[in-house]
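Here's the structure we're looking at; comments come further down.
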Amino acid sequence: MAAEIHSRPQTSRPVLLNKIEGHSDAVNAAVLIPKEDGVITVSEDRTIRVWLKRDSGQYWPSIYHTVSSPCSCMSYHHDSRRIFIGQDNGAVVVSEFLISEDFNKMNHVKTYPAHQNRVSDMVFSLESEWVVSTGHDKSVSWMCTQSGSMLGRHYFNAWASCLQYDHETQHAFVGDYSGQITLLKLEKQTYSTITTLKGHEGSVGALWWDPVQRLLFSGASDHSVIMWDIGGRKGRTLLLQGHHERVQALRYLQLTRQLVSCSADGGIAVWNMDTQREEAPQWLDSDSCQKCEQPFFWNIKQMWDTKTLGLRQHHCRKCGKAVCGKCSSKRSTFPVMGFEFPVRVCDACFDTIKEEDRTPLATFHEGKHNIAHMDMDPSRGLMVTCGSDRIVKIWDMTQVVGCSLATGFSPR
């Protein structure tokens with residue numbers, strides 16, 4: 001049966017199903033166990049825990065494992081029951097564990113000498129038998145899980161903060177604290193730098209790669225999300241602005257063409273990407289207002305010639321022109337360009353925006369806790385969030401992100 005996407009009521013909200021409490025420090029990562037009522041968490045309190053849902057409806061730890069230093073990130077591969085843990089212990093290691101089929105036991109398999117500072121993110125690739133990881137030592141490393149040896153390393157000019165990996169092409173996307181995203185082609189013993197993506201004005205906190213449409217999504221401390229059309233090869237980017245704090249988690253749902261993003265203040269945004277959107281324009285440079293031609297304050301010559309005081313420069317978010325405050329006194333949303341809250345537009349552009357142009361293309365919800373990491377199981381409509389408040393929350397997202405008859409993902 002072909003997939004069928006149903007309408008999504010705008011009034012629908014995430015439903016909080018469970019709260020898991022028990023960690024004594026920040027929970028840095030939480031993943032849902034596919035096809036099981038379970039969650040795996042890693043924390044600054046140096047514990048790795050597997051929580052299973054009991055008959056009472058509550059989650060209780062089935063595995064409680066303590067390691068030598070805080071756990072900073074995790075990659076879990078369900079089919080092989082392999083879990084990789086990044087740590088923060090000076091001479092940082094990546095540790096591999098094997099979880100038993102009943103999720104009641106975990107055995108240490110191997111330790112990889114990955115970084116010289118905190119591991120920030122990692123991906124395990126079964127296809128190549130590699131563990132790719134990033135760290136605060138400003139590097140990305142890739143290691144062979146069969147031999148346990150280091151295959152290669154690349155250094156950046158800033159902390160490497162987040163990572164995505166294309167298993168088929170062996171391309172790695174690495175976000176860093178300078179706001180850049182570097183695309184690398186990884187090979188055994190060598191690598192090549194493909195390109196550097198520049199668009200964020202703050203550190204990149206989250207990446208998500210969709211290998212089907214070949215889209216890369218990035219979230220940053222500048223409160224914005226950018227969609228990079230890698231497959232289109234035309235440099236097309238879409239800016240999404242709706243968060244009020246740094247974006248720290250992303251997930252693109254290919255089936256329903258929706259992007260879920262989470263921010264440090266607990267904001268959960270669901271963006272409709274199955275619609276025609278426009279790129280935000282590049283901001284233009286000018287020494288005077290491109291509407292009234294009054295000089296800006298650094299234009300000494302024109303101020304002297306016209307005997308006028310210089311004005312402060314602004315930019316219209318719709319046309320990109322450099323304008324003064326008087327010529328851009330209006331504010332408007334413009335969702336088709338990614339602006340879900342009112343932004344500055346020049347008076348001329350404001351008059352061209354119709355009421356239907358202001359129809360939201362995203363919904364916003366309150367998670368009511370710090371969200372540092374998020375994972376989703378689209379087949380069940382579940383999402384798990386965690387953060388510095390030491391709480392793990394499990395959400396029913398079926399009324400928010402649509403459904404599919406093909407997967408049984410349907411609203412209740």
Side-chain angles (χ1 to χ4, degrees), residues 27-43 47-52 62-63 65 67 71-87 92-115 119-135 140-151 162-174 186 188 206-212 249-254 373-380 382-384 386 392 394 407:
V27 183
N28 289 322
V31 297
L32 294 161
I33 303 174
K35 302 176 184 178
E36 300 281 346
D37 282 327
V39 178
I40 305 173
T41 60
V42 298
S43 170
T47 64
I48 306 163
R49 308 189 197 195
V50 178
W51 308 79
L52 296 182
S62 180
I63 297 175
H65 185 87
V67 293
C71 303
S72 54
C73 57
M74 161 178 52
S75 179
Y76 173 63
H77 188 264
H78 180 66
D79 291 340
S80 62
R81 300 290 198 278
R82 294 161 82 176
I83 180 172
F84 297 82
I85 308 298
Q87 293 177 248
V92 179
V93 297
V94 173
S95 297
E96 177 184 350
F97 296 89
L98 183 64
I99 298 178
S100 62
E101 289 192 13
D102 60 5
F103 297 98
N104 282 312
K105 186 173 64 173
M106 186 171 72
N107 295 317
H108 180 262
V109 176
K110 201 173 293 173
T111 296
Y112 305 84
H115 297 275
V119 183
S120 55
D121 204 355
M122 70 172 66
V123 174
F124 166 62
S125 173
L126 183 66
E127 292 84 349
S128 56
E129 282 290 347
W130 287 1
V131 175
V132 186
S133 62
T134 55
V140 56
S141 302
W142 52 106
M143 295 152 288
C144 176
T145 56
Q146 294 175 323
S147 65
S149 61
M150 175 77 69
L151 296 177
C162 50
L163 169 72
Q164 284 286 281
Y165 181 71
D166 187 280
H167 302 277
E168 182 179 347
T169 64
Q170 295 184 333
H171 284 128
F173 301 89
V174 181
L186 306 184
K188 289 184 179 180
L207 292 172
W208 184 265
W209 169 246
D210 174 49
V212 178
L250 295 169
R251 179 69 181 261
Y252 179 64
L253 307 177
Q254 221 286 324
H373 186 269
M374 170 264 288
D375 182 46
M376 292 191 71
D377 182 350
S379 66
R380 292 182 290 166
L382 295 179
M383 178 175 75
V384 60
C386 62
V392 178
I394 300 172
T407 62

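Heads up: numbering here begins at 1 and tracks the sequence.
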Using atom types as modelled and distance alone, determine if a side-chain donor or acceptor of T47 lies under 3.5 Å from a backbone N or O of R49. no
Side chain to side chain contact (heavy atoms under 4.5 Å, CB included) filter on V123, not counting sequence neighbours, yields L163, Y165, H167
Hits for salt bridge (charged side-chain N to carboxylate O under 4.0 Å, His left out) against D210, two or more places apart or cross-chain, chain-then-number order -> none
Could you tell me the separation between the CG atom of L207 and the SG atom of C162, rounded to the nearest 0.5 Å? 3.5 Å
Side chain to side chain donor-acceptor pair (under 3.5 Å) partners for D79, two or more places apart: none
Can you see which heavy atom on M143 is nearest to which on S133, and at what distance? CE-OG, 3.6 Å
Qualifying salt bridge (charged side-chain N to carboxylate O under 4.0 Å, His left out) pairs, either residue in residues 119-132, two or more places apart: R82-E129
Working to the nearest 0.5 angstrom, can you tell me the gap between Y112 OH and C144 SG? 7.5 Å
Taking the side chain as C-beta and beyond, is there a heavy-atom pair between M383 and L32 under 4.5 Å? no
Can you tell me which residue pairs pass the salt bridge (charged side-chain N to carboxylate O under 4.0 Å, His left out) test with a partner in residues 98-108, sequence neighbours excluded? none
Which of H78, M106, E96 passes side chain to side chain contact (heavy atoms under 4.5 Å, CB included) with I83? It is M106
Taking the side chain as every heavy atom from C-beta outward, state whether Q170 and V132 have any pair of such atoms under 4.5 Å apart. no
Applying ring pair (Phe, Tyr, Trp, His ring centres under 6.0 Å), can you list everything that pairs with F124, at least two apart in sequence or on another chain? H77, F84
Can you give me the closest heavy-atom contact between M374 and A249, atom names plus distance? CB-CB, 3.6 Å
Stepwise side chain to side chain contact (heavy atoms under 4.5 Å, CB included) check, I40 with F103: CA-CA 10 Å; I40 305 173; F103 297 98; 5.6 Å; no
For A30, all residues meeting side chain to side chain contact (heavy atoms under 4.5 Å, CB included), sequence neighbours excluded: V39, T41, V384, C386, V392
Tell me, please, which residues at least two apart from S128 pass side chain to side chain donor-acceptor pair (under 3.5 Å). S125
Distance from W130 atom CH2 to W142 atom CH2, nearest 0.5 Å? 7.5 Å
Looking at every heavy atom in both C73 and M122, which two are closest together, and how far apart are they? SG-CE, 3.8 Å
What one should report as the nearest heavy-atom pair of L186 and A172 is CD1-CB, 3.9 Å
Compare every heavy atom of S100 with every heavy atom of R81, then report the nearest pair and how far apart it is. NE-O, 4.0 Å
Set of side chain to side chain donor-acceptor pair (under 3.5 Å) partners for S62, sequence neighbours left out: N104
Rounded distance (nearest 0.5 Å) linking atom CD1 of I48 with atom CD1 of I85: 4.0 Å
Go through the structure and list residues passing side chain to side chain donor-acceptor pair (under 3.5 Å) with W209, not counting sequence neighbours. D166
Mind checking ring pair (Phe, Tyr, Trp, His ring centres under 6.0 Å) for F97 and listing every partner two or more places apart, or none if nothing turns up? H65, H108
By ring pair (Phe, Tyr, Trp, His ring centres under 6.0 Å), which residues pair with H171, not counting sequence neighbours? none
Looking only at heavy atoms, which two atoms of P34 and D377 are closest? And how far apart? CA-OD2, 4.2 Å
Could you give the distance from CG (L151) to OG1 (T145), rounded to the nearest 0.5 Å? 9.0 Å
Between the CD atom in Q87 and the OG atom in S72, the distance rounded to the nearest 0.5 Å is 7.5 Å
Between the side chains of T134 and S120, does any donor sit under 3.5 Å from an acceptor? yes
